[in-house]
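All values below come from the heavy atoms of this structure, side chains included, with hydrogens, waters and symmetry mates left out.
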Amino acid sequence: CSILSLYDGLVQDEYKIHRIYPNPFNPIANISYELTNSSVIKLIVYNLYGTQIATLVNNFQNSGVYTIKWDASFYSSGVYLIRLESGEFIQTQKVVLIK
C-alpha cells in the first residue's frame with residue numbers, strides 16, 4: 001500500500017546540505033541546503049587546517065531550500081570543508097577545488 005501526498009517534497013523535514021556540485025569544482029561550487037525552521041544560519045568554509053576562510057551566509061533565513069554559489073577563484077587547489085550551522089545542528093561536507 002502506498003500513500004500519495006500533495007505535500008510530498010514540499011515540507012522540509014530536516015536541516016541538511018543537499019549537495020555541493022560540481023565536486024570537484026573550478027572555480028565555482030553550488031551549495032544547496034535545506035532548513036526545517038526559520039533561524040539564524042551560518043554557512044562557513046574551512047581549509048583542512050581548520051582555519052575559517054570564508055563566511056558564505058550568516059543571517060536569519062526562513063525554512064526552505066536554498067542554493068548559494070561559492071566563488072573560490074582566489075583560493076588554491078585543495079580540499080575544503082563546508083559547514084552548515086543552525087542552533088545545535090551542525091553538518092560538514094567536503095569539497096575539492098581543482099585548478
Side-chain angles (χ1 to χ4, degrees):
C1 176
S2 65
I3 298 173
L4 178 62
S5 171
L6 293 176
Y7 300 103
D8 187 34
L10 297 178
V11 178
Q12 287 69 43
D13 58 353
E14 63 182 330
Y15 285 92
K16 67 178 175 180
I17 299 174
H18 275 285
R19 62 183 175 151
I20 302 174
Y21 62 93
N23 190 10
F25 72 101
N26 178 20
I28 296 176
N30 298 289
I31 304 163
S32 294
Y33 58 96
E34 178 176 334
L35 310 176
T36 57
N37 299 312
S38 300
S39 61
V40 174
I41 300 301
K42 290 183 183 178
L43 193 62
I44 303 168
V45 181
Y46 294 90
N47 64 20
L48 283 183
Y49 296 111
T51 304
Q52 180 178 328
I53 61 164
T55 300
L56 305 177
V57 177
N58 186 13
N59 60 17
F60 180 85
Q61 292 186 327
N62 292 318
S63 63
V65 178
Y66 295 85
T67 300
I68 188 167
K69 293 179 184 279
W70 175 40
D71 184 354
S73 299
F74 300 105
Y75 298 101
S76 60
S77 295
V79 178
Y80 294 90
L81 303 173
I82 309 293
R83 180 173 169 145
L84 175 64
E85 300 177 7
S86 178
E88 294 183 14
F89 174 83
I90 297 172
Q91 181 185 8
T92 305
Q93 283 195 12
K94 179 176 66 171
V95 65
V96 179
L97 171 61
I98 299 177
K99 288 190 172 183

Less than 3.5 Å apart, which donor and acceptor atoms pair up between the side chains of residues 91-99 and the rest of the protein, not counting sequence neighbours?
unit_1: Q91; atom_1: OE1; unit_2: I17; atom_2: N; d: 2.6
unit_1: Q93; atom_1: NE2; unit_2: I17; atom_2: O; d: 3.1
unit_1: K99; atom_1: NZ; unit_2: S73; atom_2: O; d: 2.6
unit_1: K99; atom_1: NZ; unit_2: Y75; atom_2: O; d: 2.5

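- Between S32 and T67, the side chains place a donor N or O and an acceptor N or O closer than 3.5 Å (distance only, hydrogens not considered).
- Counting all heavy atoms, side chain and backbone alike, S86 lies closest to S39 at OG-OG, 2.7 Å.
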- Task: Any chance you could lay out the side chain to side chain contact (heavy atoms under 4.5 Å, CB included) test for N47 and Y80, step after step, and finish with the verdict?
- Result: CA-CA 5 Å; N47 64 20; Y80 294 90; 4.2 Å; yes

- Could you walk me through whether S38 and N62 pass side chain to side chain contact (heavy atoms under 4.5 Å, CB included), step by step? CA-CA 4 Å; S38 300; N62 292 318; 3.2 Å; yes

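- Cluster annotation: I90 is not connected to V45 through the hydrophobic network of ILVMFWY side chains, with a link wherever side-chain heavy atoms come within less than 4.5 Å.
- With rounding to the nearest 0.5 angstrom, the NZ atom of K16 is 5.5 Å from the CD atom of E34.
- Note that CG of D71 and CZ of F25 are 9.0 Å apart. Values are rounded to the nearest 0.5 Å.
- Transitive grouping of hydrophobic side chains (ILVMFWY, heavy atoms separated by less than 4.5 Å) brings V79 and I44 into a common cluster.
- Every residue meeting the side chain to side chain contact (heavy atoms under 4.5 Å, CB included) condition with Q61, not counting sequence neighbours, appears here in chain and number order: Y33, L35, I41, V57, N59, Y66.
- Atoms CH2 and CD1, on W70 and I28 in that order, are 11.5 Å from each other to the nearest 0.5 Å.
- By the rule that hydrophobic residues join a cluster once side-chain heavy atoms approach within less than 4.5 Å of another member, I20 and I53 end up as members of one cluster.
- Judged as a side chain to side chain contact (heavy atoms under 4.5 Å, CB included), and not counting sequence neighbours, F74 has no contacts.
- With rounding to the nearest 0.5 Å, the separation of CD1 in I68 from CG in L43 is 6.0 Å.
- Distance check: N30 CG to N23 CG gives 11.0 Å after rounding to the nearest 0.5 Å.
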